[in-house]
Amino acid sequence: MDAPVWQASQYNVAQHPPELKHTVKSIGSGGVNNNFVARCAKWCPDGSVSLAQCEDAALRYLDIPPSLLSNATTSTPPLLPGQTTSKFPQPSPILDFTWYPFATPTNPATFCFLTSVRECPVKLLDAASGRLRASYKIVDHRERHVAPHSLAFNGTATKIYCGFEDAIEVFDTLYPGEGTRWHTTPSKKSRDGLKGIISALAFSPDTSSGVFAAGSLNPSSPTSSNVAILTEPTGQVPVLYVGDEPSGGFGVRSSVTQLMFNPTRPYLLYASFRRNDHIYTWDLRGDVSKPVQRFQRNNPHHHHHQEVETNQRLRFDVDIGGNWLSVGNQRGEISFFDLHAPADEVPVQPNSEGTFGSETPPSGYKPSLTFDAHNDAVGSVSFHPTRPLLLSVSGSRHFEEAPNRDRMDSDGSEEDTSEEDEDSRREGGGGGGGGGATYYITRSRTKPAPVAQDSSAKLWSFQ
């Protein structure tokens with residue numbers, strides 16, 4: 001009897017738009033101004049549940065019917081009676097989280113995730129109950145807890161890597177407590193190495209190599225890149241810098257927001273940058289001084305095309321078969337790129353955030369599919385690990401002035417002073433009776449609060 005052969009999900013991009021299977025509206029508890037935006041959502045490695053990182057310092061399970069995930073494990077974490085989602089509130093804003101690589105509800109011992117909370121140790125939480133299983137502390141020179149901006153398990157899940165300012169802390173998963181610190185720069189004054197906060201970490205799917213990539217929030221300098229390749233055996237000494245060409249001053253002049261390796265071709269590294277319209281690809285087998293591919297979030301031929309104008313992380317994803325790359329933009333559109341398609345003749349027009357020192361620009365790629373998904377910025381997209389499904393979450397901070405925030409009245413009507421501060425000034429009449437008018441300038445005590453135009457999660461089918 002022949003052994004079963006695993007095949008990656010096939011995505012049909014001919015249907016425009018794809019079928020919308022499910023929508024989760026108003027993520028969070030529906031508080032004032034709908035300010036419970038989900039920054040990103042990640043599938044459990046077996047595809048059974050999805051966990052979202054929200055603006056109100058909480059992690060939540062998205063309420064997705066198990067029937068839509070029929071090919072995946074249908075077991076769900078135990079919930080309280082009457083609840084449809086679980087919530088894991090934290091004492092401070094959440095900076096990052098990641099699933100245990102082998103997590104599944106069918107094996108309670110592995111069903112857990114790692115999270116970074118501001119001014120707290122790194123926490124390993126039980127994904128069913130929220131119970132704290134272990135904590136890993138990073139302490140600075142003033143004995144304060146430092147929360148990393150990026151988290152990653154190595155390929156075998158035996159080590160935890162945490163990126164923060166000018167360093168990477170390495171912990172043994174089985175031994176909570178303190179870890180080993182790898183400095184990414186020799187000193188504060190040095191221009192060598194990775195400077196600033198290590199904002200992104202990604203391990204190669206080839207677990208035997210121990211290769212991983214690290215990126216920082218400091219933009220590339222004229223003499224160095226802000227993306228480095230390291231290995232577990234060599235430690236804190238980078239093997240090479242990606243996109244670093246000192247002779248031509250090559251480098252993407254922007255902060256790294258995400259790094260990811262291709263799941264089936266581990267020599268391909270993808271990177272996105274803050275306020276940059278492109279996703280770059282480097283082939284680590286050859287010349288890494290320039291990218292080999294370039295994917296653009298926004299359609300340059302669209303009638304209202306604009307560059308990325310938000311500091312928000314807009315996360316991309318590559319499916320488990322390594323065939324498709326998906327990414328959203330700040331207008332609520334989602335694009336699909338075929339990673340095996342030949343390059344198109346797309347003109348390269350580097351903006352102020354990126355420059356190219358080589359005469360040969362990276363190949364441009366047009367999306368195979370672009371569709372309107374949300375009415376706000378798409379914070380993240382995530383491919384289902386076993387089915388042709390895509391999960392997208394949206395929401396962004398929009399500051400709007402309160403109506404009548406500053407107004408002037410010239411009549412003699414009474415003002416409500418319980419909610420407003422009033423400054424009055426009488427003009428004319430010399431302070432006695434007479435034809436002078438009293439002007440009231442009122443200012444609301446309520447500060448403008450951010451609102452979300454579309455705080456939702458949607459599940460799209462590409463069958």
For this session: Could you list the residues that satisfy side chain to side chain donor-acceptor pair (under 3.5 Å) with W182, not counting sequence neighbours?
Result: none

For this session: Could I get the full list of side chain to side chain donor-acceptor pair (under 3.5 Å) partners for S209, not counting sequence neighbours?
Result: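 If we apply the side chain to side chain donor-acceptor pair (under 3.5 Å) test to S209, skipping adjacent residues, there are no hits.
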
For a 4.5 angstrom cut-off between non-hydrogen side-chain atoms, does [X] reach [Y]?
X	Y	answer
T115	L59	yes
V288	D283	no
W43	V49	no
L194	I168	no
E55	R397	yes
I229	V211	yes
L390	S326	yes

Exercise. Is it the case that more than 12 heavy atoms not belonging to E119 sit under 6.0 Å from its CD atom?
Worked result: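 For E119, atom CD is not crowded (no more than 12 foreign heavy atoms under 6.0 Å).
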
To the nearest 0.5 angstrom, please state how far the [atom1] atom of [X] sits from the [atom2] atom of [Y].
X	Y	atom1	atom2	value
L459	H384	CG	NE2	8.0 Å
Q258	R313	CD	CZ	8.5 Å
L114	T98	CG	OG1	7.0 Å
L325	Y270	CG	OH	6.5 Å
N12	L369	CG	CG	9.5 Å

For this session: Answer yes or no: is there an ion pair linking D172 with K159, defined by an N-O contact shorter than 4.0 Å?
Result: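 Yes, D172 and K159 are salt-bridged.
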
Exercise. Is the closest basic N to carboxylate O distance between R297 and D277 below 4.0 Å?
Worked result: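 Salt bridge absent between R297 and D277.
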
Short side-chain to backbone donor-acceptor contact, [X] and [Y], under 3.5 Å:
X	Y	answer
S272	I279	no
T23	K25	no
D376	S396	yes
R387	L68	yes
D319	W324	yes

For [X] and [Y], test the side chains for any donor-to-acceptor distance below 3.5 angstrom and give the result as yes or no.
X	Y	value
T185	H183	no
T158	N154	yes
H340	N323	yes
D206	S204	no
H374	S392	yes

Looking at [X] versus [Y], is the centre-to-centre ring distance below 6.0 Å?
X	Y	value
F337	Y365	no
F212	F261	no
F153	Y100	yes

For this session: List for me each residue that meets salt bridge (charged side-chain N to carboxylate O under 4.0 Å, His left out) alongside D140, sequence neighbours excluded, and say none if there are none.
Result: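 So D140 forms a salt bridge (charged side-chain N to carboxylate O under 4.0 Å, His left out) with R144.
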
Exercise. W460 pairs by ring pair (Phe, Tyr, Trp, His ring centres under 6.0 Å) with which of F371, F383, Y11, F336?
Worked result: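 Of all the options given, the one that passes is F371.
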
